[in-house]
Structure formats: C-alpha cells, structure tokens
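Report on the following structure.
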Amino acid sequence: MESKNDQRIQVPRELPAMFRPPVNRAMRTLDRSFFRKTVPLSSAKIFKNSEISRLRKELASTKDLLALPRLSSVQEIKEQDGSVRKALLLRETLKHDDKSTWSPTVTELVEKGTMAVAPFDLTLEYDYWSYAEIMSAILPEQENVEVPQGFTQVGHVLHLNLREHWLPFKYLIAEVLKDKNPTVRTVINKTEDVGSQSQFRTFPFELLVGDNDLNVVQHEQDCEFHFDYARVYWNSRLETEHRRLVEKFQPGQMVCDVMAGVGPFAVPAGKKRIFVWANDLNPHGYEVMEDAVQRNKVADFVTPFNKDGRDFIRESAKQLLEAEPVTVTIQPKARREKKRKADGSQEPQTQPQAPAQVYNRPSVVDHYVMNLPATAIEFLDAFQGVYAGQAARFEPQTSQKLPMVHVYCFSGHSDNELDDHVDICERISERIGYKITPEDRVDGSGNSAIELAIYNVRLVSPKKQMFCASFRIPPEVAFRK
C-alpha cells in the first residue's frame, strides 16, 4: 500500500519518437542545457480570439489537435507586424503544406476563413520532460533493468533505497528527482538497513543532493510533526495502516502505545478523544512526541513516556489502576447566527449550546499497540500476569473485556498466506505461554474469544511481509500469577 508520501514515478505512455528527449548515455554530470529540442509542427492560426474555445473543442473531437501530455494545445505566435495571435497545435501527422494530410474539418474551417494552417516550431526543454523520460535518455540500456521509480518523501527530504546497480548513477538520479519534485530540498540514499546500527530504528544514509538539513515538518491524519529524520524512525508508507488501526479505537477508550515513535498512532488517536499513554525508548523520539502532543493540542488525552517497552507494559497497567481519576470536558463552540429584523437589518443571535462532552479515563487498558515489527513479538511475555489478582474487574464479573493487543511483525511471503499466519501464531504462543492458532478468529472453529485477526500490512521485500496480528489477551495469560 502507498501513501501520498510513498511514491512511485508515474511512467507516462511512451511519447512518439519525435517528442522524446535527446539521448546521452555517457552523461555522468547533469547537463540540463543538453535537453533542448525543436520539433517542426503545424498549427491552426485563429483569426478571432473569441473562437478559440469552440475551435479547440471541434478539433479535439476530430482528433486534429496535438495530444501531448503536460502541454497546452493553445500557443501564441508572433506575426510579421509584431502582433501576437493565438494558435492551436495540430497533430504531428498533419502537414501545413500537404492538404492530403488534412481532415475534412480542417479543410472546411480553412475554406471558410475561420483559421489558417501554418508551420510552428515547438521547442521542448529539460523542464518539459518527466523524471522517467529524462532518466530513460541517460541511463544505459540494459535488458530487464528499469528506471528506478520508488521513493519516500518525508517533509522536504526524499529518501531513496537504491539497488547496487544504480549506485554509479545515484547523483544523476537524485538531481533529476529533486528538479522534478518542487517540494523536495534534500535527497538522501539509505546505505544500510533500518536498525543495523541503532536500536532506535534509524538508518545510515548519504546525502546525494540539496541542503544538509533533515529537520522536517511532516503532516499525517491532520496532525503535524516536527523532527530530525536522522534521529527518529518514520515510515510514510504506513500512513494508511496508522489510519486503519486508529479507526478501531473508540472515543473515551484507553490505549497504551508501547513503541510509539514520534506518535503517528498516539497523536491522531488523541484528536479522536482517545486516551493514550504513548511510550518510546528513543529520548529524541520522546521529545518529538511531547512537542507533537502540545502542537496538536491533545495534551488532555495523550501522555508520553520514555521507558523500555517491556517495563512499560508491566508498569502501565498497574499505574493506571492506581492513578487518580481523570475527566476531560469538551465544551462545544457557541454558534452565532444573524437574525433579520423587520426593518431588514440583522442582529447577532446566539444559538442554544449543545451539552458538553465528558470523557472519563478508564482505569484499565482497552488496546495495546506494539509497532516494532522486527522484535515486538519478543515483548509479549510481559503480558503474563499483567492483571494478576484483578480478575474481578473483567468479564464475566463485569462488562469490561481484557485488552486487545495489536502486535506488528515480519514473516515470510509464502505462496500460501496461511503458512505465514501459522508461523505468527506459533511465535505469539511461545511468548505468552498460551496456544493460539489461526482458527481462533471470531468466525473460526477455535477459541473465538481470542478474536484473532492477522492483517497483511505491506510487502517489504519479495520474501518479507509485514503483518499486524490482533488478539485479545486470554484470561489464562492476563491473570497468571
């Protein structure tokens, strides 16, 4: 899945040869001036500007207009007397000096004196062609090798993950991408895997082009985050997944986000008036999350922590039970409308207010989120005994259910997805000390009280899939002594 920040170059239909950029496969330093080309065409010179719109539609319907992407068919031409006249570019196969190439419509319009067919030199330059078109004119022609097309944008930073055979062309690729993406100021390339040198899921990178500045402003789910991309983990590809999970939470519920990062789950949830305790081990991530909580005005609902994930799981349930009650009251905004008086004037009138919305923070957790796919399953043992001695607070003694856990993980990309689900269930079972199977879903043949759901998030690589496994903590695990 892709977000607006996780992009693949839109490769247009191949242009006719005469409109393609000049080719220079020996280019190693970008020369923008090389990409200039003049194409001889024909145009319909319109005698009355008021006729432009009508004739454009008419010639388009007969396919006489030039159909070239990103180029307007309406152009200006200078007459010999210095005056400027509007013209419509005509299809490349129509020749101004060969009436046999004209359609009946063009012939009729010329004979009526509505327009004249004249030569037109169309100049195309570097700015006209897309990234894919420019790169296809530079990179070597190699069988089964395509122009690198995928990238991630975080704020003003464009992040590449180039394969080895593209590295000799990395600076060319970076420069053209920066040129063709106006919001990009910096292009970097990942040099090693995420987390290879840091437990905080950051990654080593090289600056290819642009400002050496990774302090970005990122927007997601109507929230704004400010952070140093070199010091925290952020993955724009997960925006859809962040949204999917947050939509499962209900206003007034209590969520513990165990590996919260800078808050892509926590802060949008707070905007939905969901109580969140959000934890991250990275001190800078914690600082960014504190800033995001204040910046997005969710401090009444979101509380950041800076702890080890396993400690946070064990301590959060106990601390929440012992914490003083928290009530958040949201006053509705007063609506003012104007009432028209008998003399025609208007006077402001305040409408009756809707009742205030009151949210009481629960004393037990409704959801745990564990978004650390490389190792999150290893932390599940912390749920053993998480509510030991508290069985009276939950079903069947009360209506309160035990928490749902949403744990992210990687598995193989098997031909039969059930094999991946079995693998995930076995790893979860080992850590919580309780057998869970793929049949423990709501409509399955196993223990439906587990409410198991395994969601396919995204394909990370040909043999690596990211999943989100959701399940309700079994009483045998939660109450274990």
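Residue numbers count from 1 along this sequence.
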Can you classify the ring geometry of [X] versus [Y] as parallel (below 30°), tilted (30 to 60°) or perpendicular (above 60°)?
| X | Y | value |
| --- | --- | --- |
| Trp277 | Phe305 | tilted |
| Tyr229 | His159 | perpendicular |
| Phe265 | His242 | perpendicular |
| Phe249 | His367 | tilted |

Which atom of [X] lies closest to which atom of [Y], heavy atoms considered:
| X | Y | answer |
| --- | --- | --- |
| Ala317 | Tyr368 | CB-OH, 3.7 Å |
| Val442 | Ser448 | O-CB, 3.5 Å |
| Pro332 | Ala354 | CG-O, 2.9 Å |
| Thr152 | Ser236 | CG2-CB, 3.7 Å |
| Phe225 | Ala292 | CD2-CB, 3.7 Å |
| Ala299 | Gln294 | CB-NE2, 3.7 Å |

Any donor-acceptor N/O pair, [X] side chain to [Y] backbone, under 3.5 Å:
| X | Y | value |
| --- | --- | --- |
| Gln218 | Gly155 | yes |
| Trp234 | Gly261 | no |
| Arg431 | Glu378 | yes |
| Ser470 | His406 | no |
| Asn279 | Val258 | yes |
| Thr186 | Asp211 | yes |
| Asn181 | Thr183 | no |
| Arg458 | Met466 | no |
| Asp228 | Asn215 | no |
| Arg480 | Ile432 | yes |

A side-chain contact here means heavy atoms from C-beta on lying under 4.5 Å apart; do [X] and [Y] qualify?
| X | Y | result |
| --- | --- | --- |
| Val293 | Glu290 | no |
| Met404 | Asp366 | no |
| Phe479 | Pro474 | no |
| Val176 | Phe169 | no |
| Phe394 | Val364 | yes |
| Ile454 | Pro438 | no |
| Ser73 | Leu66 | no |
| Tyr233 | Asn282 | no |

So that I can tick it off, tell me whether [Y] and [X] are bridged by a salt bridge, with the cut-off set at under 4.0 angstrom between side-chain N and carboxylate O.
| X | Y | result |
| --- | --- | --- |
| Arg70 | Glu133 | yes |
| Glu241 | Arg243 | no |
| Glu476 | Lys435 | no |
| Glu395 | Arg472 | no |
| Lys272 | Glu247 | no |

Nearest 0.5 Å please: distance from the [atom1] atom of [X] over to the [atom2] atom of [Y].
| X | Y | atom1 | atom2 | value |
| --- | --- | --- | --- | --- |
| Tyr128 | Phe19 | OH | CZ | 8.0 Å |
| Asn371 | Asp257 | CG | CG | 7.5 Å |
| His219 | Asn296 | NE2 | CG | 8.5 Å |
| Ile436 | Ile450 | CD1 | CD1 | 5.0 Å |
| Ser411 | Glu426 | OG | CD | 10.0 Å |
| Leu139 | Leu172 | CG | CG | 7.5 Å |

Scan side-chain atoms only and decide if [X] and [Y] contain a donor-acceptor pair under the 3.5 Å cut-off.
| X | Y | value |
| --- | --- | --- |
| Glu417 | Asn456 | yes |
| Tyr126 | Asp179 | yes |
| Ser414 | Asn416 | no |
| Glu175 | Tyr171 | no |

**OP:** Could you give me the CA-CA distance, side-chain angles and deciding distance for Val216 and His156, then say whether side-chain contact (heavy atoms from CB on, under 4.5 Å) is met?
**Re:** CA-CA 6 Å; Val216 302; His156 67 272; 3.9 Å; yes
Subject >> Enclosure of Asp222 CG (heavy-atom neighbours >12, cutoff 6.0 Å) >> reply: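 No, not enclosed.
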Within 45° cone of [Y] ring axis and under 6.0 Å: [X] NZ or CZ:
| X | Y | answer |
| --- | --- | --- |
| Lys178 | Tyr131 | no |
| Arg244 | Tyr455 | yes |
| Arg273 | Tyr359 | no |

Subject >> Intermediate values then yes/no, side-chain contact (heavy atoms from CB on, under 4.5 Å), Asn189 and Trp166 >> reply: CA-CA 11 Å; Asn189 181 49; Trp166 292 126; over 6 Å; no
Subject >> All pairs passing salt bridge (Lys or Arg N to Asp or Glu O under 4.0 Å) where residues 299-319 contributes a residue, at least two apart >> reply: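 Checked against salt bridge (Lys or Arg N to Asp or Glu O under 4.0 Å) - neighbours excluded - the pairs reaching residues 299-319 are Lys307-Glu315, Arg310-Asp381, Lys318-Glu322.
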Subject >> salt bridge (Lys or Arg N to Asp or Glu O under 4.0 Å) pairs, two or more places apart, involving residues 149-174 >> reply: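 Only Lys170-Glu206 qualify under salt bridge (Lys or Arg N to Asp or Glu O under 4.0 Å).
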**OP:** Start with the C-alpha distance between Phe275 and Thr303, add both sets of side-chain angles, then the distance that settles side-chain contact (heavy atoms from CB on, under 4.5 Å), and finish with yes or no.
**Re:** CA-CA 8 Å; Phe275 293 98; Thr303 305; over 6 Å; no
Original post:
Between Glu451 and Lys401, does a salt bridge (charged side-chain N to carboxylate O under 4.0 Å, His left out) hold up when you go through it step by step?
Top reply: CA-CA 12 Å; Glu451 298 180 39; Lys401 292 185 176 184; 3.6 Å; yes
Original post:
Which one of Leu207, Val209, Leu158, Leu208 satisfies the side chain to side chain contact (heavy atoms under 4.5 Å, CB included) criterion with Ile188?
Top reply: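 Single side chain to side chain contact (heavy atoms under 4.5 Å, CB included) partner of Ile188 among Leu207, Val209, Leu158, Leu208: Leu207.
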Subject >> Residue pair His284, Asp280: steps toward the side-chain contact (heavy atoms from CB on, under 4.5 Å) verdict >> reply: CA-CA 9 Å; His284 183 63; Asp280 199 77; over 6 Å; no
